[in-house]
Peer 1: 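Structure below; questions to follow.
Residue numbers start at 1 and run along the sequence shown. As the structure lists them, so they are numbered: ligands from 1, and atoms in each ligand from 1.
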Amino acid sequence: MEEQKLRTLLESMTLTEKIGQLIQVPGNMLNARGQELGVREDLGISEEILRNVGSTLNVTGAAQIRRVQEAYLRQSRTKIPLLFMADIIYGFRTVYPIPLALGCSFEPELLKRLCRATSEESVAAGVHVTFSPMGDLVRDARWGRCLESTGEDPFLNTEYVKAMVEGFQEGLSQEGACRGMASCVKHFAAYGAAEGGRDYNTVDMSERRLRQEYLPSYRAGVEAGCEMVMTSFNTVDGIPATGNCWLMRQVLREEWGFDGVLITDYAAIAELMAHGVAADKKEAARMAMEAGVDIDMCTDCYASQLEGLIREGTIRQEQLDAAVWRVLCLKNRLGLFEDPFRGAREEAEKQVFLKESFRSLAREAAVKFSVLLENKEGLLPLAPTGGKSGEARTGRIALIGPFADRKDALGLWALHGDREAVVTIREAFSETEGLEFAWCEGCETILPEDYTDLPALAAQGERKLWSREERNRQWEQAMELSGTADLVVLALGEDTIQGGEGGSRTRLSLPGDQMKLLREVRKRARKVVVVLFAGRPLVLDEVKELADALLLVWYPGTEGGSAIRDMLFGICEPQGRLSMSMPRSLGQVPLYYNAFSTGRPYDGHTPVRFFSRYEDCPNTPLYPFGYGLSYHSASYGPVQLDGTVLKRGETLMASARVTNTGDRAGSETVQLYLQDVTGSVVRPVKELKGTQKLWLQPGETKQVCFAITEEMLRFYGKDMSYQAEPGLFRVGICADSSGRLEGEFVLE
Ligand code: GLC
């Protein structure tokens with residue numbers, strides 16, 4: 001619709017119709033089967049407002065969306081179509097590995113492909129907006145939503161968020177095209193820094209840390225053109241983000257120039273009262289409106305208070321019109337006025353849902369995101385069991401563990417995934433010619449002491465708890481199988497319900513009887529390969545000791561079982577490099593590689609007391625950020641610099657020779673780290689500033705080059721100006737963040 005006609009439409013709207021556009025309601029208020037997550041109060045939204053609401057969430061499916069949209073438009077005076085939004089975080093019907101796994105790819109282009117594919121399925125299902133990507137930087141493994149983050153590194157997170165926005169929105173602006181869906185960058189801002197790793201807890205940090213480490217990923221999403229931003233639940237400098245004018249108006253709108261739609265997180269406006277900054281709904285609605293919040297997700301604050309605030313002049317008509325205008329413009333950019341059903345077509349669903357190219361992409365992703373943490377004596381890849389005669393054989397395999405045959409190992413936010421379509425390890429093994437194996441679960445994933453709500457969930461029929469007989473039978477079977485097999489594949493992990501939103505833990509070990517199972521299997525088995533499912537870093541010190549090989553697959557998605565089988569038998573090699581540091585102990589958390597030196601940096605071995613260290617644990621992680629093994633081995637030559645001085649406006653080239661010293665081709669994820677040795681404020685001991693993936697044949701050497709520029713060296717200095725400061729820098733081209741920085745140059 002031309003802009004002038006849209007203006008005319010806005011001017012023709014009544015106050016109630018305008019307020020309605022700023023309200024988002026759960027699907028069941030529109031007689032649809034919504035799947036909203038979150039605290040639900042019965043929303044006191046009037047019938048009049050309900051007839052004019054602007055959007056709903058987690059209502060999907062072409063048939064359902066067409067029905068709801070038709071019913072809504074039939075009774076609407078303005079005929080402004082509903083927006084359908086949904087949590088499509090890492091896939092729709094085809095589910096890809098979780099974002100924390102995506103972060104292990106060091107390949108933003110792959111994330112773009114995944115998001116483009118996800119959009120194709122989502123658009124067919126009638127969805128207009130996805131509440132993704134999440135740009136929250138994470139450093140605390142106790143926080144269940146590490147699952148949805150791409151990790152602990154600001155540089156990589158900006159690359160990933162940019163790629164995901166571009167992938168989701170590709171084709172969106174093409175006239176008449178029903179391609180792409182609007183993306184919503186969340187949770188603005190710094191939600192991942194919740195104290196104690198406890199969800200929804202206080203976030204408090206300096207503006208410098210906020211701007212330097214936490215804001216860049218959201219800004220990358222805005223600069224990539226995201227259509228929407230979502231406010232976070234947490235405080236920022238003592239004021240909840242949803243009512244924070246500095247964050248939402250000065251930073252987001254004025255500094256970054258964001259002119260898209262700002263939506264709250266679920267019920268966040270009402271939560272301003274629980275935070276203690278709003279005495280009532282009227283004050284809460286006023287704060288959110290002043291901060292520039294456009295859409296109130298699932299509370300009745302705007303619905304019940306905005307009319308009064310406008311009539312008394314507390315909120316100006318222009319403020320209301322500006323918010324409504326942004327919502328109307330989004331609907332217009334999506335072409336909804338011309339076609340309220342956009343791409344929602346059942347025929348299209350049948351064609352695109354789980355199509356082979358998406359399944360193949362899911363398999364590729366699961367391989368590129370899985371991280372090989374241990375591989376003692378090169379146990380992996382396993383020789384094929386049914387191979388040609390004389391070929392080394394793996395012999396009898398026992399597949400044991402609660403994740404041996406799990407259809408639900410998709411992570412909490414795979415809301416719209418097709419669980420029946422998931423390929424489990426057992427199924428993949430069964431499809432593999434010549435692969436003889438026996439299997440059993442051995443034990444459950446969690447017990448009541450791991451998840452206090454478990455008995456209640458069981459009572460509600462949401463979880464099936466084993467009987468004592470079942471538990472004993474499974475255990476005995478596991479003991480018997482592990483004693484007779486030549487090799488045990490032990491599929492262990494964190495239960496899906498332990499991660500994701502509201503999934504904060506105070507223990508990071510494998511839950512339930514799983515460690516006991518590992519210990520007992522270890523006593524009996526010749527070789528043990530642990531395949532680990534998780535939504536966050538876990539404490540794996542004992543697993544590291546007991547396993548002959550350890551493959552971290554996160555929650556690997558629809559094609560997880562196939563990808564795991566392909567990696568175990570060497571059809572492809574795991575390529576993931578850790579997106580988050582893995583702690584030795586919970587006591588180390590929060591733990592991240594790009595930390596400050598402190599005034600008493602500990603060298604890690606001298607027996608001294610008065611240095612920054614623990615008495616009972618090294619400072620280093622069990623597995624560092626950027627770490628991952630391969631089936632090939634590689635060597636890195638020394639860093640070469642094409643100069644020792646970098647002048648502003650010029651480029652310094654850093655290079656190194658990387659050699660595949662193994663006997664099979666493989667991928668190397670080469671990482672560039674820099675250290676600003678002295679600044680007007682303390683600077684991290686190292687920062688990732690570039691990555692490149694190399695495919696190397698056995699014995700092949702390639703020269704990898706990185707261009708270093710002054711822009712890469714900028715930071716918020718003592719006076720908060722964002723610039724590079726002259727002085728000494730160190731450079732490393734490494735296989736992971738534990739590598740040495742052996743090169744040096746001076747910025748003039
Ligand atoms: C949830 C989450 C947010 C999600 C929203 C809608 O509480 O915090 O990530 O997009 O509500 O479901």
Peer 1: Of all the atoms in ligand 1, which lie at a distance below 4.0 Å from a heavy atom belonging to Tyr266?
Peer 2: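 Here the atoms of ligand 1 in question are 7 (O), 11 (O).
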
Peer 1: Is there a heavy atom of His187 sitting under 4.0 angstrom from any atom of ligand 1?
Peer 2: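 Contact present.
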
Peer 1: I'd like to check Thr299 versus Glu271 (side-chain heavy atoms, cut-off strictly below 4.5 Å). Are they in contact?
Peer 2: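 No - every pair of side-chain heavy atoms lies 4.5 Å or more apart.
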
Peer 1: Is it the case that more than 12 heavy atoms not belonging to Arg198 sit under 6.0 Å from its CZ atom?
Peer 2: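 12 or below, so no.
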
Peer 1: Please list, in number order, the atoms of ligand 1 under 4.0 Å from a heavy atom of Phe233.
Peer 2: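 The list of qualifying atoms is 7 (O), 8 (O).
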
Peer 1: Compute whether any side-chain donor of one residue and acceptor of the other, for Glu121 and Thr94, lie under 3.5 angstrom apart.
Peer 2: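 Yes.
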
Peer 1: Using a strict cut-off of 4.0 Å, indicate which atoms of ligand 1 neighbour a heavy atom of Met230.
Peer 2: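 In order of numbering, the contacting atoms are 10 (O).
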
Peer 1: Are Met134 and ligand 1 in contact, using a heavy-atom cut-off of under 4.0 Å?
Peer 2: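 No; Met134 lies far enough from ligand 1 that no heavy-atom distance drops under 4.0 Å.
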
Peer 1: In terms of atom number and element, which parts of ligand 1 are under 4.0 angstrom from non-hydrogen atoms of Lys186?
Peer 2: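 Checking each atom against Lys186, I get 3 (C), 4 (C), 9 (O), 10 (O).
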
Peer 1: Going by the order shown, which atoms of ligand 1 are within less than 4.0 Å of some heavy atom of Glu501?
Peer 2: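 Contacts of ligand 1 toward Glu501, numbered from 1: 1 (C), 2 (C), 7 (O), 8 (O).
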
Peer 1: Quick one: which ligand 1 atoms are inside 4.0 Å of a heavy atom on Leu57?
Peer 2: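 That gives atoms 6 (C), 12 (O) of ligand 1.
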
Peer 1: Begin from the C-alpha positions of Val161 and Tyr218 and carry the test side chain to side chain contact (heavy atoms under 4.5 Å, CB included) through to its verdict.
Peer 2: CA-CA 7 Å; Val161 168; Tyr218 308 112; over 6 Å; no

Peer 1: If you measure from each heavy atom of Tyr191 to ligand 1, is any distance below 4.0 Å?
Peer 2: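 Checking ligand 1 against Tyr191, which is what was asked, there is no heavy-atom contact under 4.0 Å.
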
Peer 1: Measure from the ring center of Trp554 to the ring center of Tyr90 and say whether it is less than 6.0 Å.
Peer 2: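 No, the ring centres sit 6.0 Å or more apart.
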
Peer 1: Under 30°, 30 to 60°, or over 60°: which ring-plane class applies to Phe92 and His416, parallel, tilted or perpendicular?
Peer 2: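 Geometry flag for His416 against Phe92: parallel rings.
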
Peer 1: How long is the straight-line distance from CD1 of Ile88 back to CZ of Phe131, given to the nearest 0.5 Å?
Peer 2: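 Between Phe131 CZ and Ile88 CD1, I get 9.5 Å after rounding to 0.5 Å.
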
Peer 1: Just jot down the ligand 1 atoms closer than 4.0 angstrom to any heavy atom of Phe131, in number order.
Peer 2: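 Those qualifying, in numeric order: 10 (O).
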
Peer 1: Side chain, backbone, both or neither: which applies to Gln24 and ligand 1 if a contact is any heavy-atom pair less than 4.0 Å apart?
Peer 2: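 Neither; nothing of Gln24 gets under 4.0 Å from ligand 1.
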
Peer 1: Could you check which of Asn58, Thr130, Thr264, Asp265 puts a non-hydrogen atom nearest to atom 11 (O) of ligand 1?
Peer 2: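 It is Asp265 whose heavy atom sits nearest to atom 11 (O) of ligand 1.
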
Peer 1: Near Arg145, which atoms of ligand 1 are under 4.0 Å from a heavy atom of that residue?
Peer 2: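 Matching atoms, with element in brackets: 2 (C), 3 (C), 8 (O), 9 (O).
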
Peer 1: Walk me through it: do Phe188 and Val222 pass the test side chain to side chain contact (heavy atoms under 4.5 Å, CB included)?
Peer 2: CA-CA 11 Å; Phe188 191 61; Val222 168; over 6 Å; no

Peer 1: Using only heavy-atom distances, determine whether the side chains of Glu152 and Ser581 contain a donor-acceptor pair under 3.5 Å.
Peer 2: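 There is such a pair (donor and acceptor under 3.5 Å, judged by atom type) between the side chains of Glu152 and Ser581.
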
